[in-house]
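Note sheet for the following structure.
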Amino acid sequence: MTMSNMTTVPPIPNISQKSRLVTLLFCVLLGIFGAHRFYVGKIGTGILMLLTIGGLGIWNLVDLILVLAGSFRDSRGARVYRWLEPESV
């Protein structure tokens, strides 16, 4: 077994490979434009957020709460739960 094989984190079922910290930062800084949804692969709802200015801020607030609670999901339906991406650990 090589050193690179020992440092990789195996994927956990239903847990996204996307970073919760990055999602949170996108949600806080660019949330009304749907940047966090584009990041996790939800292109359709990202465009809707962009057109509605984050549902006048309400949709963005709901997403912010979901991200903080660890319940926000990516385009595959997996929870964005890990604060850091597995490759960066």
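These numbers come from a predicted model, not from an experiment. All residue numbers in this chain count up from 1 along the given sequence.
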Checklist entry - Is it true that the NZ or CZ of R79 lies under 6.0 Å from the centre of F72's six-membered ring and within 45 degrees of the ring axis? => result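 Negative - R79 is either too far from the ring of F72 or too far off its axis.
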Heavy-atom closest pair, residues [X] and [Y]:
{"X": "N60", "Y": "G31", "result": "OD1-CA, 3.2 Å"}
{"X": "D63", "Y": "M49", "result": "OD2-SD, 3.8 Å"}
{"X": "L68", "Y": "L24", "result": "CD2-CD1, 3.7 Å"}

How many angstroms lie between atom [atom1] of [X] and atom [atom2] of [Y], to the nearest 0.5 angstrom?
{"X": "T52", "Y": "I58", "atom1": "OG1", "atom2": "CD1", "result": "10.0 Å"}
{"X": "S16", "Y": "R73", "atom1": "OG", "atom2": "CZ", "result": "10.5 Å"}
{"X": "L61", "Y": "C27", "atom1": "CG", "atom2": "SG", "result": "8.5 Å"}
{"X": "L66", "Y": "H36", "atom1": "CG", "atom2": "NE2", "result": "9.0 Å"}
{"X": "S71", "Y": "I65", "atom1": "OG", "atom2": "CD1", "result": "11.0 Å"}

Checklist entry - So do the side chains of W59 and L48 get within less than 4.5 Å of each other, counting heavy atoms only? => result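 Contact flag for W59/L48 side chains = yes.
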Item to check | Minimum side-chain heavy-atom gap R76-N14 below 4.5 Å | outcome: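 They are not in contact (no side-chain heavy atoms under 4.5 Å apart), so the answer is no.
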Are [X] and [Y] joined in one hydrophobic group, where the rule is that I, L, V, M, F, W and Y side chains link up if heavy atoms are under 4.5 Å apart?
{"X": "L84", "Y": "L25", "value": "yes"}
{"X": "L29", "Y": "L21", "value": "yes"}
{"X": "I43", "Y": "I53", "value": "no"}
{"X": "L51", "Y": "F33", "value": "no"}

Checklist entry - Who pairs with F38 by ring-ring contact (aromatic ring centres under 6.0 Å, His included), at least two apart in sequence or on another chain? => result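 F38 satisfies ring-ring contact (aromatic ring centres under 6.0 Å, His included) with no residue once adjacent residues are dropped.
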Item to check | Residues Q17, R82; criterion side chain to side chain contact (heavy atoms under 4.5 Å, CB included); working and verdict | outcome: CA-CA 8 Å; Q17 295 294 311; R82 293 182 176 144; 3.8 Å; yes
Item to check | Contacts of type side chain to side chain contact (heavy atoms under 4.5 Å, CB included), residue Y39, not counting sequence neighbours | outcome: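 Checked Y39 against side chain to side chain contact (heavy atoms under 4.5 Å, CB included); matches are K18, S19, V22, T23, F26, E85.
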